[in-house]
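Chain A is the first sequence line, chain B the second, and so forth, proteins listed ahead of strands; every chain is numbered from 1. Computed over heavy atoms, backbone and side chain alike; hydrogens, waters and symmetry mates excluded.
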There are 2 protein chains.
Amino acid sequence: MAAVDLSTHPGHLARRLQQAHHLLWNTMVSEEITSPQFAVLNALVAEPGLDQRTVGERVGLDRSTIAEVIGRLIRRELLDKVRDPQDGRRFLLRLTDDGLRTHRKLAVRTARMNQVFLGPLDAGEQAAFFALIRRVADAAEGLRRPGEPAAPR
Amino acid sequence: MAAVDLSTHPGHLARRLQQAHHLLWNTMVSEEITSPQFAVLNALVAEPGLDQRTVGERVGLDRSTIAEVIGRLIRRELLDKVRDPQDGRRFLLRLTDDGLRTHRKLAVRTARMNQVFLGPLDAGEQAAFFALIRRVADAAEGLRRPGEPAAPR
DNA sequence: CCGAATTAGTCAGGGCACTGAGTATTTTCT
DNA sequence: AGAAAATACTCAGTGCCCTGACTAATTCGG
C-alpha cells in the first residue's frame with residue numbers, strides 16, 4: 001500500500017544505468033579489463049608518473065579502492081609502481097608497454113561502445129544527459145565538504 | 001596524448017552518480033539499510049509473498065545478488081523466508097512487523113533525500129533526467145535479449 | 001631540533017554485482 | 001510412467017566500493 005515507485009528514484013536509476021553499462025562493456029570492450037581499470041590507465045596516459053592517491057582522485061576512487069584496482073593492474077603487468085625517491089610515502093605509477101598498448105586498443109572500443117550506449121539519444125539529448133547527471137553528481141559531492149577545514153563537531 | 005576525456009563517458013558518469021547517491025543515502029537515510037535492501041522491502045510491501053527470483057526481477061538484481069541481499073535482511077529479522085508448499089523450488093518472502101516499520105520509516109527519509117539529491121534541477125529538468133536515463137538503460141538492457149529464445153550463435 | 005599534525009598507503013570488514021557450475025524440484029514430452 | 005528440459009536456488013570466484021583503524025614518512029611549529 002505504502003509502496004513507492006522506484007522508477008522515480010534517482011539512486012535506483014543510477015544503479016540500473018551502471019548495470020546496463022557494465023553489460024555492454026563486457027560484450028563490446030573487454031571481459032578482462034574493467035571500466036575503472038581503463039580509467040586508471042587513461043589517467044596515466046594523460047599524466048604519466050602520477051602517484052596512487054592522485055590517480056584515485058582523477059578517476060573518483062577512494063584510497064582503498066584505488067589500491068585494489070592498481071594491484072590488479074600490476075598483477076596483469078599493465079603498470080608498475082616505484083617508491084618516490086623524493087617522498088617515501090608515495091608510490092609513483094607508470095604504464096608498461098603492455099599497459100600503453102592495452103589502453104590504445106580499449107580506447108577505440110570504448111568510443112564505439114559509447115556510441116551504441118548513447119545511440120537512443122540524439123546529439124542534443126546526449127548533451128543534456130551529460131549535463132544533468134554532472135550537475136546532480138557535482139552538487140551531491142559538494143554537500144560533503146562545504147567549508148573543508150571546519151571541524152565537524 | 002591519446003588520453004580520453006572521462007567526463008563524456010556515460011559509464012564514468014553513472015558510477016559517479018551512484019557514488020554521490022550512496023554518500024547521501026548514508027547520511028540522510030540509513031547507515032544500516034542500503035538502497036538495494038530498501039528496494040527489496042519496498043517490492044514486498046507492494047506485492048507481499050513474492051518469491052525470491054521475482055523480487056530480484058522487480059528490483060533489478062540477478063539471482064546471486066538477490067540471495068545475498070535477502071540473507072542480510074533475514075539476519076536483521078526484517079524478512080522471513082518459507083518454502084512454497086505448492087512448489088518446493090521456491091522460497092516465499094514476507095516482511096516481519098519490524099520490516100514493515102523499517103520500510104515506513106525509510107520511505108519518508110528516502111523521499112526527503114531524493115528532494116535534496118535532485119535539488120539542483122527544476123521540475124522539468126528532473127523529468128528529463130529520469131526520461132533520459134531510463135531510455136538509455138532500457139535500450140542497453142534490450143540489446144541483451146532481443147528475441148529471447150534464439151540461440152545467440 | 002623535536003614533538004605534533006598531516007599525508008600516503010595498507011588492512012580488516014561489510015556490502016553490491018556478475019558469471020559459471022552445481023543441486024533439487026517441477027514440468028513437459030514422449 | 002520415465003527421461004529430458006526448465007526452473008529456483010546455492011556456492012565459489014572475481015571485482016568494485018566504502019568506512020574506520022592502523023603504519024610509515026614528511027612537514028610544520030615552537
Side-chain angles (χ1 to χ4, degrees), chain A residues 11-12 14-27 30-40 50-57 59-76 81-93 141 144 148-149 151, chain B residues 11-12 14-27 30-40 50-57 59-76 81-93 144 148-149:
Chain A
H12 187 248
R15 193 166 58 76
R16 281 194 49 212
L17 187 64
Q18 238 208 312
Q19 280 169 215
H21 175 264
H22 182 254
L23 199 64
L24 208 56
W25 180 279
N26 268 351
T27 64
S30 171
E31 295 189 342
E32 317 268 290
I33 306 299
T34 64
S35 159
Q37 285 172 20
F38 173 73
V40 168
L50 283 185
D51 67 302
Q52 200 168 307
R53 196 201 118 270
T54 308
V55 170
E57 205 174 89
V59 303
L61 293 176
D62 67 293
R63 53 208 185 332
S64 280
T65 305
I66 196 66
E68 291 180 28
V69 173
I70 285 175
R72 281 184 274 268
L73 289 171
I74 289 175
R75 248 196 289 128
R76 283 166 202 254
K81 175 171 161 178
V82 290
R83 266 225 138 83
D84 184 345
Q86 257 70 64
D87 185 340
R89 291 169 298 185
R90 281 191 175 81
F91 283 107
L92 270 16
L93 304 171
E141 279 165 13
R144 225 341 184 193
E148 286 283 46
Chain B
H12 187 248
R15 193 165 58 76
R16 281 194 49 212
L17 187 63
Q18 239 208 313
Q19 280 168 219
H21 176 264
H22 181 254
L23 199 63
L24 209 55
W25 181 280
N26 268 351
T27 64
S30 171
E31 295 188 343
E32 316 269 290
I33 306 300
T34 64
S35 160
Q37 286 172 20
F38 174 73
V40 168
L50 283 185
D51 68 303
Q52 200 168 307
R53 195 200 118 272
T54 309
V55 171
E57 204 174 89
V59 303
L61 293 177
D62 67 294
R63 58 209 185 323
S64 280
T65 305
I66 196 67
E68 291 180 28
V69 172
I70 284 175
R72 281 183 275 267
L73 289 171
I74 290 174
R75 247 194 289 126
R76 283 167 204 260
K81 174 170 162 179
V82 290
R83 265 211 195 270
D84 184 344
Q86 256 71 63
D87 185 340
R89 291 168 299 185
R90 280 192 176 79
F91 284 107
L92 269 16
L93 303 171
R144 225 343 184 193
E148 286 284 45

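B:I66 places its CD1 atom 9 Å from the P atom of C:dA17, with the value rounded to the nearest Å. Separating the CG atom of A:L61 from the C1' atom of D:dC18 is a distance of 11 Å, rounded to the nearest angstrom. Between the P atom of C:dC16 and the CZ atom of A:R16 lies a distance of 19 Å, rounded to the nearest Å. Remark: C1' of C:dT7 and CG of A:D62 are 16 Å apart, rounded to the nearest angstrom. With rounding to whole Å, A:E32 atom CD is found 13 Å from D:dG15 atom C1'. Between the CZ atom of A:F38 and the P atom of D:dC16 there is a distance of 15 Å, given to the nearest Å. In this entry the distance linking CG of A:L24 with C1' of C:dC18 reads 15 Å, nearest Å. For the pair A:H21 NE2 and D:dG15 C1', the computed distance is 15 Å after rounding to whole Å.
OP1 or OP2 of C:dG9 has not a single side-chain nitrogen or oxygen of A:R53 nearer than 4.0 Å. Considering only side-chain N and O atoms, B:Q86 lies nowhere under 4.0 angstrom from the phosphate OP1 or OP2 of C:dT26. For the OP1/OP2 pair of D:dC18 and a distance below 4.0 Å, the side-chain nitrogens and oxygens of A:T65 include at least one atom meeting the criterion. Between C:dC16 and B:Q37, a contact under 4.0 Å exists linking OP1 or OP2 to a side-chain N or O. OP1 or OP2 of D:dC18 has not a single side-chain nitrogen or oxygen of B:R15 nearer than 4.0 Å. Taking side-chain N and O atoms only, B:Q52 has a distance below 4.0 Å to OP1 or OP2 of D:dT10. Side-chain nitrogen and oxygen atoms of A:K81 include none within less than 4.0 Å of the OP1 or OP2 phosphate oxygen of C:dA8.
Shown here for B:N26 and B:S30, the closest heavy-atom pair between the two residues is OD1-O, 3.5 Å. Here the shortest heavy-atom pairing between B:V59 and B:A39 reads CG1-O, 3.4 Å.
Side-chain atoms of B:P36 lie closest to C:dA17 of the nucleotides C:dA17, D:dC18, D:dC9. Comparing D:dC9, D:dC17, D:dG15 against the side chain of A:R75 picks out D:dG15 as the nearest. Closest contact between the side chain of A:Q19 and the listed nucleotides C:dC18, D:dC17, C:dT10 involves C:dC18. Comparing D:dC16, D:dT19, C:dC16 by their closest approach to the side chain of B:L23 singles out D:dT19.
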Going through the distances and angles, do B:T34 and B:Q37 end up as a side chain to side chain contact (heavy atoms under 4.5 Å, CB included)?
CA-CA 5 Å; B:T34 64; B:Q37 286 172 20; 3.3 Å; yes
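Formation of a donor-acceptor pair under 3.5 Å by the B:W25 side chain with backbone atoms of B:I33 is found in this model. Here the side chain of A:R90 pairs no donor or acceptor atom with the backbone of A:D51 at under 3.5 angstrom.
Residue B:R76 is classed as a sugar-phosphate contact, given heavy-atom separations below 4.0 Å to backbone atoms only. Heavy atoms of B:D51 sit under 4.0 angstrom from primed sugar atoms or phosphate atoms, though from no base atom.
Test A:H21, A:H22, A:R15 against A:Q19 for side-chain contact (heavy atoms from CB on, under 4.5 Å) and you get one pass: A:R15.
Under the 4.5 Å side-chain criterion, counting only non-hydrogen atoms from C-beta, B:I66 is not in contact with B:R53. Contact of the A:K81 side chain with the A:L92 side chain is not registered, since no non-hydrogen atoms from C-beta on lie closer than 4.5 Å.
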Kindly give the atom pairs (protein nitrogen or oxygen, nucleotide nitrogen or oxygen) under 3.5 Å for nucleotides 20-25 of chain C.
residue, atom, partner, partner atom, Å
C:dG20, O6, B:S64, OG, 3.4

